[in-house]
Each structure stands twice: as C-alpha cells, then as structure tokens.
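Each remark here refers to the structure printed beneath this line.
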Amino acid sequence: MTEKTTGASYAAAGVDIEAGDRAVELMKEWVKKTQRPEVLGGLGGFAGLFDASALKRYERPLLASATDGVGTKVDIARQLGVYDTIGHDLVAMVMDDIVVCGAEPLFMTDYICVGKVHPERVAAIVKGIAEGCVLAGCALVGGETAEHPGLLGPDDFDVAGAGTGVVEYDRLLGADRIRTGDAVIAMASSGLHSNGYSLVRHVLFERAKMSLDQYVEELGRTLGEELLEPTKIYSLDCMALTRTAEVHAYSHITGGGLAANLARVIPDHLHATVDRSTWAPGAIFDLVGKAGQVEQLELEKTLNMGVGMMAVVPQESVDVALTALADRGVDAWVAGEILDRGDHTEGATMTGSYAS
C-alpha cells in the first residue's frame, strides 16, 4: 500500500497567516491614536495615504526623509520579554533625524521582521511605535510584519522604520546658517538611547558577566531596566524651540558619538568646541567604561555620553532657548561655541574633563 503524503503548505513551512491577521487586528487601536487630519483610509490597505494638499500653505515645501532601526537593543527587549518600549526608540531614531533640518514630522511606516508571529508581541511593538509617533507629532500610516522562519528563531525579531517630514525652503536649518560665536546648546539624553549596544552588551555581559536582572546600586534599578530605557524623542521640543528662538542648526547625537555628529552640521571654515566640564554623564556611561576598561575616546565615539540632541544658536538667543526648553521639561545647557577653523582639522572637538 502506498503511504499517503500530505501536500506542502505555507503553515507547514512556518508562516502563520492567521496569526498575522490577528496581529493586525490587535494593533489597529494603537495606530488610530497617531492619526493626523491629513491621513486618509485606515490600516490594512496596500499603501498609506497622506493628503498632500496640506502642503499648499508652503511657498516651497521640501520633503525630508529618513530611515533607521534600533540595532542590537532589540535583543535586550527579547531577553526581558518587554516589547512595548522599543518602538519609542525606532521613532526617535527616524524622526529626530528629520527634525534636525527644521522639518515637521508628517508620517512614518514601520517594518517588523519576526521568526514567528506572536500576535500579542507584534501588537506590543506597534503600540510602542504608535506611542512614539504621538510624542513626535507624526502619523503611523502603515507598515509590514514579515515572518521569516528558518532565518530567525521563533523569538527573534528586528524593527526598522522610515519617515517623512516637510520644511519651508527658506527655513531649512544647517551649516549655511552657522556663524562664528554661535553657542552650542546640549540637550540631555535619557541614557544610552539606541546606539553602541554591541559594545555595551560585549562589555557588561561577556566581560563583566553581569545579568539583566541584576540590581545596580549606581543606576538605582536593574541593569535590564536601564538598558531598555526608551530613547528620548526631541521632535516636538525642537519644533517648539525653532518657533520660539532663532536656531541655526540641530545635531542628533547617534552612532559615531557627540563630536562626529556635531561636525556633520559645521561648515568647513568653522569649528565647534564642546566643553566636557559643563555636564556629568549618567552612571551607565561610567559603568560601561570601567567594566570594559574602555578608553574615553572610544566611549565618546560610540556612545552619546549623556547628550541626545544639540542646537546651534546665536548668542543673543541663548537665554530664550534655554527658557523655552526648560518650560518643556528638557534639561539643556550651553556646552560649547563655534570658532573659526584655525589649525583644527576636525569639525568639532571635545575639551576639558567631565564634571563629577
């Protein structure tokens, strides 16, 4: 007797379409919270729709676009089983890049790749993204959840996103506006944000043999809680500051560290100096440095060292800018200044020693 064989199926190959549909249903309520009046239609279409007639109020609108992910921080979320904060990180990494040029965030799409669709888990990730979009003032108009069995383990996942904003041509911020004597204002980070986690994980887990559930006195909480602290989203703060004070440029401090990112907005004939003595980095930065015997320059080119965003403003705008940021609950201070290039070969350098 010939043994009857069962035909192949998508489900047998590891892709659960019904679970994907369930995930979409669970995330709808969160996506709805991000809607702006310009968004047309709902979740589930092939494309998100945004009414571009809203741009008619601009004389010469420039669209700003950015895309990013959150790197190996997703592994911390996976290990802890906490999925509703990683979306904040994603929105921050995308939309805070867009606001740097003075653009207003408009809308965002996400991409979530998983080894196996767990509907509640995917919905929790989208919840975090939606909450982040609210904090950035943008709409979440769509996304994609992809199941990749065989390439990713059942609990593995990654996230990425892309965003779009708009800025009036004559209000575009950047290097062309910066002048000698401008002040550099630093805005405090909420911690490590979403960069340097490959170094952090190597140092704390492999070298120092620490665990995520370990309470760390210097941090005042467990290591896992510290490492999963969401990235601060500065978009609305920067937009409010631009409306209140004269701003010449912003710099989002991400991969590459403070000096390298600030240098990206400094014109070739000028130089920015940042005085370390104007702030004390949080305890997590000291912990990583000591646990891994990481040299200061290596830390500074990998981690944000307590500064997540910088603004370059004329001296006469400093007081107004600091007051405006303080009114929004943003810890900010004057950390440096813009000088003529002179003998400097770099666009920005760090001086002095950190405050204790």
Contact check, side chains of [X] and [Y], non-hydrogen atoms, under 4.5 Å:
X    : Y    : value
T85  : E229 : no
L192 : Y197 : yes
L236 : L135 : no
L62  : V166 : no
V334 : L322 : yes
V159 : D110 : no
S353 : R276 : no
V313 : I185 : yes

Quiz prompt | Donor-acceptor pair between T222 and D213 side chains, under 3.5 angstrom | solution = no
Quiz item: Cut-off 3.5 Å, side chains only: do S251 and N261 have a donor facing an acceptor?
Solution: no
Exceeds 12 heavy-atom contacts within 6.0 angstrom, atom [atom1] of [X]:
X    : atom1 : result
R264 : CZ    : no
D176 : CG    : no
D327 : CG    : yes
D319 : CG    : no
R78  : CZ    : yes

Does [X] reach the main-chain N or O of [Y] with its side chain, forming a donor-acceptor pair under 3.5 Å?
X    : Y    : result
W279 : M305 : yes
R207 : R201 : no
R341 : L270 : yes
R60  : Y169 : no
T323 : V320 : no
D340 : G342 : no
E168 : E59  : yes
T302 : E298 : yes
E147 : V117 : yes
H88  : P230 : no

Please report the interatomic distance [atom1]([X]) to [atom2]([Y]), rounded to the nearest 0.5 Å.
X    : Y    : atom1 : atom2 : answer
E295 : E300 : CD    : CD    : 11.5 Å
L173 : C101 : CG    : SG    : 7.0 Å
H271 : H344 : NE2   : NE2   : 3.5 Å
M309 : Y250 : CE    : OH    : 8.0 Å
M93  : I233 : CE    : CD1   : 11.5 Å
L223 : L80  : CG    : CG    : 9.0 Å

Self-check item: Ring centres under 6.0 angstrom apart (F157, Y83)
Solution: yes
Check [X] against [Y] and note the closest heavy-atom contact, atom names and distance.
X    : Y    : value
V94  : G163 : CG1-N, 3.4 Å
L303 : G196 : CD2-CA, 3.9 Å
V307 : A186 : CG1-CB, 3.8 Å
I266 : A272 : CD1-CB, 3.9 Å
F285 : S189 : CZ-OG, 4.4 Å
S198 : T72  : N-OG1, 3.4 Å

Exercise. Give the intermediate values and the outcome of side chain to side chain contact (heavy atoms under 4.5 Å, CB included) for residues L90 and D68.
Key: CA-CA 7 Å; L90 180 62; D68 212 335; 5.5 Å; no
Exercise. Show your reasoning for whether salt bridge (Lys or Arg N to Asp or Glu O under 4.0 Å) applies to K232 and D96.
Key: CA-CA 9 Å; K232 180 170 176 56; D96 283 347; over 6 Å; no
Quiz item: Parallel, tilted or perpendicular: which fits the ring planes of Y234 and H252, with parallel below 30° and perpendicular above 60°?
Solution: perpendicular
Practice problem: Go through the steps to decide whether T231 and S194 satisfy the test side chain to side chain donor-acceptor pair (under 3.5 Å), and finish with yes or no. | Solution: CA-CA 7 Å; T231 303; S194 302; 2.8 Å; yes
Cluster check [X], [Y]: I/L/V/M/F/W/Y, side chain < 4.5 angstrom:
X    : Y    : answer
V294 : F205 : yes
I98  : V167 : no
V100 : L241 : yes
L299 : L258 : yes
I129 : V74  : yes

Practice problem: Start with the C-alpha distance between L204 and L287, add both sets of side-chain angles, then the distance that settles side chain to side chain contact (heavy atoms under 4.5 Å, CB included), and finish with yes or no. | Solution: CA-CA 9 Å; L204 299 183; L287 178 64; 4.1 Å; yes
If you measure from the Lys or Arg side-chain nitrogens to the Asp or Glu carboxylate oxygens, is any gap between [X] and [Y] under 4.0 Å?
X    : Y    : result
E104 : R57  : yes
D89  : K73  : yes
R179 : D182 : no
K290 : E218 : no

Exercise. Would you check, one step at a time, whether the test side chain to side chain donor-acceptor pair (under 3.5 Å) holds for H118 with E120?
Key: CA-CA 6 Å; H118 301 281; E120 289 75 16; over 6 Å; no
Quiz item: Given the rule in the side chain to side chain donor-acceptor pair (under 3.5 Å) test, do T254 and N195 qualify, once you have shown the distances and angles that lead to the verdict?
Solution: CA-CA 6 Å; T254 57; N195 296 105; 4.6 Å; no
Exercise. Could you go through the side chain to side chain contact (heavy atoms under 4.5 Å, CB included) check for I112 and E144 one step at a time?
Key: CA-CA 6 Å; I112 303 171; E144 169 72 5; over 6 Å; no
Quiz prompt | Selection residues 151-162 - residue pairs positive for side chain to side chain donor-acceptor pair (under 3.5 Å), sequence neighbours left out | solution = R121-D155
Practice problem: Could you go through the side chain to side chain contact (heavy atoms under 4.5 Å, CB included) check for L152 and V114 one step at a time? | Solution: CA-CA 7 Å; L152 297 175; V114 300; 5.6 Å; no
